[in-house]
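To start, the structure under review is shown below, and the notes come after it.
Whatever order the structure lists them in is the order used to number ligands and atoms, beginning at 1. When a residue number appears, it is its place in the shown sequence, counting from 1.
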Amino acid sequence: MSTARPSALAARTATLVLAVAILAAGCGWSGWDRPMTTVLPKSDFGHRINDLFLLISWWTLGIFIAVEAVLLYACWRFRERPGAATPKQVHGHTALEISWTVAFAVVLLIIGIPTIRIIFKTQEAPAATALRVDVAGRQWWWEFKYPELNITTANEVHIPAGQTVAFHLNAPDVIHSFWIPQLGGKRDVIPGRVNRIILTPDTPGEYPGQCAEYCGMSHANMRFRAIVHTKEDFEKWVAAQQAPPAEPAGELAQKGKELFAQSACVGCHTIRGVSGGVLGPDLTHFGSRKTFAAGTHRVTPENLVKWIENPDHMKPGVLMPNLGMKGEQSRALAAYLLSLK
Ligand code: CUA
């Protein structure tokens, strides 16, 4: 760098700034699946983690400023000056060494005690009144079951604000990690054991979630959404989910239902009263969801047709096979799925 001419240096600086700007543009803040952030917490769990993060950050900033100030002072005070004698050389200073050992032990305690308290707090058993949601992390989507409410859904978990929710996490295949940045996590979802995460969301809204443990080809596409409702809206959602699936209105959707019932779809998907497969998501109220393919695509007729005709193209490695549906067949299936409100 030191040998570069000023114009070359300016060009390099401009390139660097541009590269950083392009990289930073990837960190969008607004959008339908953002923000993926822990610094806007919307649950008790999220607030605890954020408070701890801020505590550590402020202490780190304070220490940084203190150390830099002493360093800069020493550089200035003992700078080389013409005619100045070499400063007195010392070796070892017991008082200083004790003080900076004790000071940092105290800082570690200030950070460590609340950290340990919050670790234990977030591991407590759920209250008996907590709403239980059984979460299965699968390659590559999320299944949500409400055993007390007799509801099964996928990739969109609905919970009421102000109510404690106990997520019971289990993985039928490989290790995943459950993470809703604004509400809580990450917590590993491990085959053969049940991990728990307990939190009380405080603000209605939609919060993106993401698998946070590399689990195979479509790990990055293993998303989901947590939809926090007011108490009344949650009750409406529960009633709608418990109702039997809607009968398709219109000829195309009716055709889609017949096609679904005759094809291999029934081997993997449940639609109550129509089929009982359990390998793929329960589709009983598919039409009420905003997203599909593990939260990566919006539910629209065009996206559904594309998905049915070539699922692997939209979620690489997906277990759903291409059943060779074309033209009117895939449009009919899409119309049927959309009718399942
Ligand atoms: Cu599941 Cu990564």
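Look at Lys186 and Glu213 and you find no salt bridge, because none of the NZ, NE, NH1 or NH2 atoms lies under 4.0 Å from a carboxylate O. By the 4.0 Å N-to-carboxylate-O rule, Lys236 lies close enough to Asp233 to be salt-bridged with it.
Considering just the N/O/S atoms of Glu213, the one nearest atom 2 (Cu) of ligand 1 carries the name O. Nearest N/O/S atom of His176 relative to atom 1 (Cu) of ligand 1: this is ND1. Closest approach between atom 2 (Cu) of ligand 1 and any N/O/S atom of His219 involves ND1.
Under 2.8 Å from atom 1 (Cu) of ligand 1 lies no N/O/S atom of Gln139, from backbone or side chain alike.
In terms of heavy atoms, Met325 sits closest to Leu259 at SD-CD2, 4.0 Å.
For Phe167 and Phe144, the distance between ring centers is not under 6.0 angstrom. Checked against the 6.0 Å centroid criterion, the rings of Phe224 and Trp141 do not qualify as a close aromatic pair.
Draw a line from atom 2 (Cu) of ligand 1 to SG of Cys215 and another to SG of Cys211, and the angle between them is 120° (to 10°).
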